[in-house]
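Have a look at the structure below, then the notes.
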Amino acid sequence: MNVESDEALLLGVLGLVLLVAGIADLLKVSAAIGAFLVGIALSGEVADRARHQVEPLRNLFAAVFFVFFGLQLNLSSVPGVLLPATLLALVTSVTKFIVGWRGAARAGVQARGRFRAGTTLIPRGEFSILIAGLGLGIAPSLGPLAAVYVLLTAMIGPVLTRFDAQLVPLLDRKKQATPAG
């Protein structure tokens with residue numbers, strides 16, 4: 001795969017993805033998993049060059065995927081998944097926040113940076129849509145559940161980040177434990 005021409009590299013990567021996706025389909029495995037494995041298999045300079053070449057396609061097809069996912073969503077099914085999606089969004093928002101807060105704390109980041117690290121992780125749910133898209137044939141309720149979940153977390157994270165100056169003092173134990181003076 002390590003060819004000099006960027007065009008040949010792009011065509012080689014896309015050909016390999018199509019080949020593996022076709023094999024995956026024959027084995028009744030998700031073509032997306034096959035493509036994912038190709039991405040893992042490429043390494044070093046080839047991976048760096050391929051990433052640069054494929055990035056515009058990724059952006060285009062990601063947008064098309066989300067439009068297609070939205071077109072499949074039946075809005076009448078949203079009320080039935082609103083409560084479970086809200087509970088999932090709340091639980092995962094808290095756990096993602098804790099992971100970001102503690103991870104940044106271990107790196108020596110101050111409270112406001114820890115807060116932002118935690119809130120930045122909250123809206124990361126795009127992969128949920130991908131998994132739900134793969135499972136729509138098995139469990140049709142996954143689509144609306146994932147869509148509502150992603151929309152909720154996409155709102156929770158940025159709203160919390162917006163109010164970091166007001167919320168950080170409530171969470172920063174060092175500041176609360178230190179006497180004024």
Side-chain angles (χ1 to χ4, degrees), residues 13 17 30 32-70 73 78 81-135 141-181:
V13 168
V17 167
S30 166
I33 300 298
F36 179 69
L37 292 175
V38 169
I40 291 173
L42 297 176
S43 63
E45 180 188 341
V46 172
D48 292 337
R49 289 181 51 222
R51 189 179 307 111
H52 178 71
Q53 292 297 313
V54 174
E55 190 172 19
L57 293 174
R58 178 203 67 186
N59 296 340
L60 170 68
F61 291 124
V64 170
F65 173 81
F66 286 109
V67 167
F68 183 72
F69 190 83
L73 183 61
V78 169
V81 297
L82 198 52
L83 180 62
T86 302
L87 292 173
L88 279 171
L90 291 174
V91 169
T92 60
S93 292
V94 169
T95 57
K96 288 176 183 181
F97 179 82
I98 290 170
V99 167
W101 178 276
R102 288 190 176 168
R106 284 186 178 205
V109 176
Q110 297 297 316
R112 194 162 184 183
R114 293 193 305 260
F115 186 87
R116 286 186 175 261
T119 58
T120 300
L121 289 178
I122 292 172
R124 303 294 172 235
E126 298 87 353
F127 194 67
S128 302
I129 287 184
L130 177 62
I131 297 302
L134 296 174
S141 64
L142 282 179
L145 179 70
V148 172
Y149 167 78
V150 169
L151 286 172
L152 288 171
T153 57
M155 290 185 294
I156 292 170
V159 167
L160 288 175
T161 302
R162 167 70 178 86
F163 294 104
D164 66 341
Q166 295 84 1
L167 296 173
V168 168
L170 300 173
L171 296 172
D172 190 14
R173 291 186 193 157
K174 284 183 183 177
K175 200 175 230 184
Q176 291 175 354
T178 305

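Residue numbers run from 1 in the order of the sequence given.
Summarising the geometry, atom CG belonging to L152 is positioned 8.0 Å from atom CG belonging to L90; distances are rounded to the nearest 0.5 Å. With rounding to the nearest 0.5 angstrom, the CG atom of L160 is 12.0 Å from the CE atom of M155. In this structure, CG in L42 is found 11.0 Å from CG in L37, a value given to the nearest 0.5 Å. Within the model, atoms CG of L170 and CZ of F163 stand 13.0 Å from one another, a figure rounded to the nearest 0.5 Å. Expressed to the nearest 0.5 Å, how far CG of L167 lies from CZ of R162 amounts to 11.0 Å.
The side-chain heavy atoms of F97 and L121, taken from C-beta on, include no pair separated by under 4.5 Å. Between T92 and Y149 there is a side-chain heavy-atom pair separated by less than 4.5 Å.
Between R114 and V109, the shortest heavy-atom distance links the atoms NH1-O, 2.9 Å. Of all heavy-atom pairs spanning T153 and P158, the tightest one is O-CD, 4.2 Å. For the residue pair K96 and I122, the shortest heavy atom distance occurs at NZ-O, 3.2 Å. Residues A104 and A117 approach most closely at CB-CB, 3.9 Å, considering heavy atoms.
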